[in-house]
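For the single chain, residues carry numbers from 1 onward in sequence order.
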Amino acid sequence: MADALLEIDDLALGFDVSPPLLARLLTGAGRRTLRAVDGVSFSIERGQTFALVGESGCGKSSLARLVVGLYRPSAGRVALDGIDLARLRTRAQMAPVRRRVQMIFQDPYASLNPRWRVRDIVAEPIRTHRLLPNESAIRARVDELLRQVSLAPQDGEKFPHAFSGGQRQRVSIARALASEPEFLVLDEPTSALDVSVQAQILNLMKDLQRRLGLTYLFISHNLAVIYHVADRVGVMYLGRLVELAETAALFSRPRHPYTQLLLDTVPDIGMSGRARRPVIGEVPNPIDPPPGCPFHPRCPHAFDRCRSERPHLRAVGAGLVSCHAVEEGRVPA
């Protein structure tokens, strides 16, 4: 895409979960690989919020860590402004990218150093990237960042344990903004917070995006949150994208059976009386995934082709769907 800030192409990540060598020699077992991310492709335009949604264990957080460089991909490409991150090997090569890309984690308390005052936590990216010339300028910038996330400059003298969960997440946001990034990866940033605090943090993130021109990759399993913040949505299942569409289109007319089942779990405030199908069964073992379509053991529309042939993303309407039943018109819209 012409204005894409981030491009992901056929990205894959595998973890070696083989038994120790001696055990393999004694039992004759081979190596085993867990495919956490399996051939994912999408792009994110500047100023856009792209959301990834799916059940726990589908590979959302692993993909987020690939994007920020915490994991190295087994295959595929992650490109920021055309720069392939997998080709950057040294700290010196990665430093400019790390300044432009920051991550906000799910648990704000676990991601903050409990031995540091908040002022030092927020100032760390400024000092690391040498963005300001002296300590007085750094102090003024930290005060500005704390006010930007609706905290007081005096809060910089406190330790993380002195704050509530929502305030700690505000500290995490201030730290992420300290390096003046263009792109933020938000890994379920509100899941550990109360509902009322979730709304405050989401509104803050949207306001910061408008004012600073930020681009977001938003990871969540909460469909209500996704509907509130995202411009486009990718639905993941067992390490693969099964549907990708604009938010309004996906929520009004989900195409993939898995997306339809996920949306059926959202409470119906309108009391429409529409028949709902709960998500049945468990996510298959990613070490030994089923052949063909990974969703076929749980899919109400599965047939012989689904059990033997892996589907690929195809254009359906304004979005992309990976499903044989949709392709053949057997899934009711």
Side-chain angles (χ1 to χ4, degrees), residues 36-42 49-64 106 186-191 195 198 202 216-286 289-290 292-302 306 310-327 330-333:
V37 180
D38 191 6
V40 172
S41 300
F42 61 85
T49 299
F50 183 91
L52 283 175
V53 64
E55 294 172 281
S56 296
C58 71
K60 305 185 301 295
S61 293
S62 295
L63 194 148
Q106 179 175 353
L186 313 174
D187 187 7
E188 304 202 34
T190 61
S191 63
V195 174
Q198 287 185 26
L202 292 173
Y216 292 155
L217 171 60
F218 197 99
I219 312 291
S220 182
H221 60 265
N222 188 326
L223 292 167
V225 168
I226 293 298
Y227 185 76
H228 181 67
V229 302
D231 299 300
R232 296 170 67 226
V233 181
V235 181
M236 284 191 73
Y237 186 79
L238 210 65
R240 304 174 185 175
L241 273 181
V242 297
E243 184 164 1
L244 195 156
E246 301 288 333
T247 303
L250 185 130
F251 277 81
S252 63
R253 193 179 182 188
R255 303 283 189 159
H256 196 280
Y258 178 59
T259 310
Q260 294 176 359
L261 293 173
L262 280 181
L263 290 174
D264 276 346
T265 66
V266 179
D268 183 5
I269 298 177
M271 303 291 286
S272 64
R274 178 174 61 86
R276 289 171 174 265
R277 296 168 296 172
V279 180
I280 58 174
E282 299 292 336
V283 178
N285 184 352
C293 175
F295 187 59
H296 85 254
R298 306 171 69 188
C299 181
H301 307 284
C306 302
R310 174 176 173 173
H312 298 282
L313 285 172
R314 300 176 185 274
V316 177
L320 298 172
V321 182
S322 173
C323 179
H324 296 311
V326 171
E327 180 185 345
R330 296 185 297 103
V331 174

Query raised in the report: Considering residues at least two apart in sequence or located in another chain, which fulfil the side-chain contact (heavy atoms from CB on, under 4.5 Å) criterion with Asp231?
Result: Gln48, Thr49

Query raised in the report: Can you name the residues that form a side-chain hydrogen bond (donor to acceptor under 3.5 Å, both in side chains) with Tyr237, not counting sequence neighbours?
Result: Arg298

Requested in this report: To the nearest 0.5 angstrom, please state how far the CZ atom of Arg255 sits from the CD atom of Gln260.
Outcome: 9.5 Å

Requested in this report: Using side-chain contact (heavy atoms from CB on, under 4.5 Å) as the criterion, list what pairs up with Phe251, not counting sequence neighbours.
Outcome: Leu223, Ile226, Tyr227, Thr247, Leu263

Query raised in the report: Is any side-chain heavy atom of His256 closer than 4.5 Å to a side-chain heavy atom of Val235?
Result: no

Requested in this report: Test Ser220 against Val53 for side chain to side chain contact (heavy atoms under 4.5 Å, CB included), laying out the working first.
Outcome: CA-CA 5 Å; Ser220 182; Val53 64; 5.8 Å; no

Report task. Considering non-hydrogen atoms only, spot the tightest contact between Ser252 and Pro254 and give its length. Result -> C-CD, 3.8 Å

Report task. Please name all residues satisfying side-chain contact (heavy atoms from CB on, under 4.5 Å) with Glu188, sequence neighbours left out, ordered by chain then number. Result -> Lys60, Gln106, Ser191, Ile219, His221

Report task. Flag the pair Phe295 / Arg240 as yes when at least one side-chain heavy-atom distance between them is below 4.5 Å, and no otherwise. Result -> no

Report summary line: Sorted by chain and residue number, the side-chain contact (heavy atoms from CB on, under 4.5 Å) partners of Ser61 (sequence neighbours excluded) come out as Arg65, Asp187

Requested in this report: State which residues pass side-chain hydrogen bond (donor to acceptor under 3.5 Å, both in side chains) with His324; sequence neighbours excluded, sorted by chain then number.
Outcome: Arg305

Report task. List for me each residue that meets ring-ring contact (aromatic ring centres under 6.0 Å, His included) alongside Phe218, sequence neighbours excluded, and say none if there are none. Result -> none

Query - Student check: side-chain heavy atoms of Pro294 and Pro289 closer than 4.5 Å - result: no

Report task. Look up atom CG in Leu241 and atom CG in Leu320, then write down how far apart they are to the nearest 0.5 Å. Result -> 9.0 Å

**Report entry** Closest non-hydrogen atom pair between Leu238 and Pro284, with its separation
**Finding:** CD1-O, 3.4 Å

Query raised in the report: Who passes side-chain hydrogen bond (donor to acceptor under 3.5 Å, both in side chains) against Arg314, sequence neighbours left out?
Result: Glu327

Query raised in the report: His296 and Cys306: which non-hydrogen atoms are nearest, and at how many Å?
Result: ND1-O, 3.7 Å

Report summary line: Contacts of Thr259 meeting side-chain hydrogen bond (donor to acceptor under 3.5 Å, both in side chains) (sequence neighbours excluded), chain-then-number -> Glu243

Query raised in the report: Quick one: which of Leu244, Val233, Leu217, Val40 gives a side chain to side chain contact (heavy atoms under 4.5 Å, CB included) with Leu52?
Result: Leu217

